[in-house]
Engineer: 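Can you read through this structure? Questions will come right after.
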Amino acid sequence: MTILSDDFYFLFNDLKQIAFTFNKADEFGAVNKKMADFCGLKIEELENKNISVILNQEDSLKIKNFNQKIFESGERKKKKIILEINNKKKNVEVDVIPHQNYEQEIDYLLCLAVDITDKIKKENIFFRNRERYRTLFDQAPLAFVVYDRQTNIIDWNQRAEEIFGWEKEEVLDKNFNLLVPEDYYSEVTEMTEKLFSGFQNYNNNINKNVSKDGNEIYCEWNNAIIRDQEDNIIEVISIARDITERLRAEEKIKKQNEELEYSKLRTQFFANISHELKTPLNLIFSSLQLLEFYLYNSQTYKDKDKINNYLKSIKNNGFRLLRLVNNLIDITRIEVDAFSLHRGNFDIVKLIREIVNTVSDYLEEKERDFKFICDLDSAVIACDPFNIERVILNLISNAVKFSARGDQIILTLQKVDEAISLSVKDTGIGIEKENQAIIFDKFRQVDQSFKKKREGSGIGLSLVKSIIEMHGGKIELESDYGYYSNFKVFLPFKTIDQEIVEKESYSPDSLLNKVELEFSDINYI
Ligand code: ADP
């Protein structure tokens with residue numbers, strides 16, 4: 001039993017600190033009220049009792065060994081320990097002071113303890129919060145710029161380095177203006193003052209910034225205000241998202257929409273202009289018909305031949321204009337996806353034969369050696385007859401245009417694998433290798449020097465290619481410059497279930513006029 005003087009006992013008992021003694025390494029001596037409260041027991045339940053009254057076996061052994069060493073060495077020791085007291089984990093800081101009696105023996109250990117459980121808990125929370133903040137700060141996909149009342153940067157994260165191009169060390173203690181174009185300095189100062197005065201926060205602000213290499217960037221900014229315990233604003237974290245790319249994409253979409261709007265306008269314009277252009281042309285054609293009628297039925301006109309020639313010229317040039325208008329309108333429609341085919345299941349052999357019948361006289365008149373080769377009786381495929389006729393007439397008229405008297409023009413229709421192949425070959429001037437790839441481009445005429453001799457707008461082949469491709473087919477060119485050109489069209493040998501175009505709406509009678517139309521450029525020569 002620990003012998004304490006009365007005075008000492010009084011002090012010991014009245015201590016604000018937990019105090020107790022050990023008589024033996026594993027046995028309590030005197031215990032003060034604080035210690036009893038700490039253990040949730042009465043003083044007498046602890047005094048002179050084995051430490052196992054409050055500690056489990058493992059902790060008892062630990063304490064016993066620790067005390068034993070002090071009894072032996074006589075050295076005072078301070079230690080932070082975690083104990084399970086009455087099934088609760090406690091963090092305790094103990095100062096163990098060995099007491100020597102008159103014989104210089106250690107007769108008991110005086111222990112002064114502080115319960116630091118709450119403090120440790122707080123420290124742990126603080127530490128965890130700090131770590132959480134640090135990780136967030138470092139790894140956030142947003143730029144964090146921390147600055148003080150003087151707008152000096154005091155911290156910044158990895159993403160800020162990536163966005164603005166400055167390393168952290170380069171910006172610390174530098175003014176926030178580093179990130180702002182000069183014209184905006186005063187605006188930033190004003191905003192910072194308002195932020196620090198607590199009057200106003202600015203969120204989702206889109207600002208122009210500059211990076212280290214002087215590039216303009218656009219960021220969306222949000223601000224987090226940091227206060228101290230006295231509620232004073234001590235720093236601001238401005239959080240930036242780089243939206244330069246997003247703005248650019250939006251700008252691009254806006255432009256595309258404008259372009260779309262514009263192209264709609266253009267289509268509308270072409271639809272209108274087509275009407276405006278065609279109406280006078282139609283009037284010219286009907287007046288022409290009347291004039292022809294009067295001319296042929298009248299005996300009185302002198303210079304009949306001359307008048308007839310003029311009429312022919314007017315008619316042909318009218319057709320040229322009409323063809324140009326039609327082609328221009330269609331090429332524009334194709335460009336804005338407003339061109340559609342009217343397909344049905346048609347016998348392509350019959351269709352081509354009709355074209356051949358109509359053009360052969362014409363070609364004979366032009367002194368071209370024309371041949372039609374076809375070993376098929378019939379072949380029904382899905383096509384738009386109106387546009388297929390246009391394609392073939394265009395290719396034949398080109399063959400005439402770019403060949404001379406006596407040259408051959410061979411039209412071949414055959415089945416090749418799963419396709420119907422239609423080729424128009426002429427032994428005319430041919431096309432140079434480097435030009436073969438570009439002649440299907442819009443507005444291309446290969447040989448500008450021949451322009452005067454061979455009329456055309458350079459949109460015929462581009463239209464031909466588009467029409468063929470819309471049919472699911474393709475067009476190929478084979479040519480040896482100076483010898484021949486061979487345009488090969490391949491159309492899928494397929495029919496469609498549902499007839500898209502009423503067969504009645506297709507009238508072969510109009511073919512003759514179409515020939516005149518498509519050949520109007522040649523007649524000019
Ligand atoms: P164009 O209305 O001027 O005839 P095309 O698109 O039909 O326009 O033809 C483009 C160019 O391709 C022509 O100007 C000509 O240079 C070349 N071309 C087309 N067909 C032939 C051909 N059969 N022989 C030689 N050159 C040709």
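Order of appearance sets the numbers: ligands from 1, and atoms from 1 within every ligand.
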Engineer: So is Ile439 polar-close to ligand 1, meaning N/O to N/O under 3.5 Å?
Structural biologist: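 It does not: no N or O of Ile439 is found under 3.5 Å from an N or O of ligand 1.
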Engineer: I'd like to know if Asp330 pairs up with Arg390 as an ion pair, taking the criterion as any Lys NZ or Arg NE/NH1/NH2 lying under 4.0 Å from an Asp or Glu carboxylate oxygen.
Structural biologist: yes
Engineer: Measuring from the heavy atoms of Gly430, does anything fall under 4.0 Å of ligand 1?
Structural biologist: yes
Engineer: Taking the non-hydrogen atoms of Phe440, is any one of them nearer than 4.0 angstrom to ligand 1?
Structural biologist: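 No, Phe440 has no heavy atoms under 4.0 Å from ligand 1.
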Engineer: Between Glu131 and Arg134, does any side-chain N to carboxylate O distance fall below 4.0 Å?
Structural biologist: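 Here Glu131 does not pair with Arg134 in a salt bridge, since their nearest N and O are not under 4.0 Å apart.
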Engineer: Cation-pi check, Lys474 to Phe490: give yes when NZ or CZ is under 6.0 Å from the six-membered ring centre and within 45° of the ring axis, no otherwise.
Structural biologist: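 Yes - Lys474 lies over the ring of Phe490, closer than 6.0 Å to its centre and within 45° of its axis.
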Engineer: Applying side-chain contact (heavy atoms from CB on, under 4.5 Å), run through Ile475 and Phe440 and close with a yes or a no.
Structural biologist: CA-CA 9 Å; Ile475 181 161; Phe440 294 104; 3.8 Å; yes
Engineer: Any salt bridge linking Glu258 with Lys255? Criterion: basic side-chain nitrogen under 4.0 Å from a carboxylate oxygen.
Structural biologist: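 Salt bridge flag = no for Lys255 with Glu258.
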Engineer: Provide the number and element of each atom of ligand 1 under 4.0 Å from a heavy atom of Phe487.
Structural biologist: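 Close to Phe487: 20 (N), 21 (C), 22 (C), 23 (N).
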Engineer: Answer yes or no on whether Lys194 is positioned over the face of Tyr202, meaning its NZ or CZ is under 6.0 Å from the six-membered ring centre and within 45° of the axis.
Structural biologist: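 Geometry flag: not set, cation outside 6.0 Å or 45°.
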Engineer: So for ligand 1, is Asn398 a polar contact partner (N or O within less than 3.5 Å, distance only)?
Structural biologist: yes
Engineer: What part of Val424 sits under 4.0 Å from ligand 1 if we count only heavy atoms: the side chain, the backbone, both or neither?
Structural biologist: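 Contact part for Val424 vs ligand 1: neither.
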Engineer: Near Lys401, which atoms of ligand 1 are under 4.0 Å from a heavy atom of that residue?
Structural biologist: 1 (P), 2 (O), 4 (O)
Engineer: Between Ile431 and ligand 1, which part of the residue brings a heavy atom under 4.0 Å of the ligand: side chain, backbone, both or neither?
Structural biologist: side chain
